[in-house]
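These notes are about the structure you will find just below.
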Amino acid sequence: QVQLVESGGGLVQAGGSLRLSCAASGRTVSTNAMGWFRQAPGKEREFVAVISWSAISTYYADSVKGRFTISRDNDKTTVYLPMNSLKPEDTAVYSCAASAYGSTDSHLTNYDYWGQGTQVTVSS
């Protein structure tokens, strides 16, 4: 089993920044791609960003490209998502997840383990 715990969410004004973290424990996720997803009220969960097991490859949703950057630390137990130039439409619960695969993947059905999520609220 893998436990994922997100942190770093909060309330920020439009144009501001936040840095999300996701700490993994239990079974190693060093060979798993790790992704971030978000779900706004009344909407389906959507893909945000993913990083491969090696950290060589990353992939982003068009809506966050150039503003968000996904990374993972050297021991691959923590994944980060610095978010800049935040917009009100970025408001959502952000969750990290461990993929069943090592390569980048935006399909949430391929993710086996999920964190509880952290709320990000961007005011206009």
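Heads up: numbering here begins at 1 and tracks the sequence. The shown structure was predicted, so the numbers you read here are calculated from the model rather than taken from an experiment. These numbers come from the heavy atoms of this one structure, side chains and all, not from hydrogens, waters or symmetry mates.
For K87, there are no salt bridge (Lys or Arg N to Asp or Glu O under 4.0 Å) partners at least two apart in sequence or on another chain. Under the salt bridge (Lys or Arg N to Asp or Glu O under 4.0 Å) criterion, D75 pairs with no residue at all, not counting sequence neighbours. Among residues two or more places apart in sequence or in another chain, the side-chain hydrogen bond (donor to acceptor under 3.5 Å, both in side chains) test is passed with S85 by none. With sequence neighbours excluded, the residues satisfying side chain to side chain contact (heavy atoms under 4.5 Å, CB included) with S57 are S52, T104. Legend: residues meeting ring pair (Phe, Tyr, Trp, His ring centres under 6.0 Å) with F37, ordered by chain and number and at least two apart, are F47, Y111, W114. Contacts of E89 classified as salt bridge (Lys or Arg N to Asp or Glu O under 4.0 Å), with partners at least two apart in sequence or in another chain: none. For S123, there are no side-chain hydrogen bond (donor to acceptor under 3.5 Å, both in side chains) partners two or more places apart in sequence or in a different chain. For A100, the side chain to side chain contact (heavy atoms under 4.5 Å, CB included) partners are D112, not counting sequence neighbours.
One distance of note links CG of L11 with OG1 of T121; it measures 6.0 Å at 0.5 Å rounding. Atom OG in S30 sits 7.5 Å away from atom CZ in R72 (nearest 0.5 Å). Summarising the geometry, atom OG1 belonging to T118 is positioned 11.5 Å from atom CD belonging to Q116; distances are rounded to the nearest 0.5 Å.
Sorted by first and then second residue, the salt bridge (charged side-chain N to carboxylate O under 4.0 Å, His left out) pairs with a member in residues 27-42 read R38-E46, R38-D90; sequence neighbours excluded. For residues 4-16, no residue pair satisfies the side chain to side chain donor-acceptor pair (under 3.5 Å) rule, not counting sequence neighbours. The disulfide bond (SG atoms under 2.5 Å apart) pairs that include a residue from residues 22-109 are C22-C96, where partners are two or more places apart or lie in different chains.
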Next item on the list: Start with the C-alpha gap between N32 and S99, add the side-chain angles, then the distance that decides, and say whether side-chain hydrogen bond (donor to acceptor under 3.5 Å, both in side chains) holds.
Entry: CA-CA 6 Å; N32 300 81; S99 172; over 6 Å; no
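By the neighbour-count criterion of 12 heavy atoms within 6.0 Å, atom CD of Q119 is densely surrounded, having more than that number from other residues, nucleotides or ligands.
Connection of Y59 to L108 is established within a shared hydrophobic cluster, with ILVMFWY side chains joined at heavy-atom distances below 4.5 Å, either directly or through further cluster members.
Applying the under-4.5 Å side-chain rule to Ile, Leu, Val, Met, Phe, Trp and Tyr, the cluster around V2 extends to L4, V12, L18, L20, V29, M34, W36, V48, I51, Y60, V64, F68, I70, V79, L81, M83, L86, Y94, Y113, V120, V122.
A cation-pi contact, defined as under 6.0 Å to the ring centre and within 45° of the axis, links R19 to Y80.
Across G102 and A33, no two heavy atoms sit closer than the pair O-CB, 3.5 Å. Shortest non-hydrogen contact noted between A40 and A92 is N-CB, 3.8 Å.
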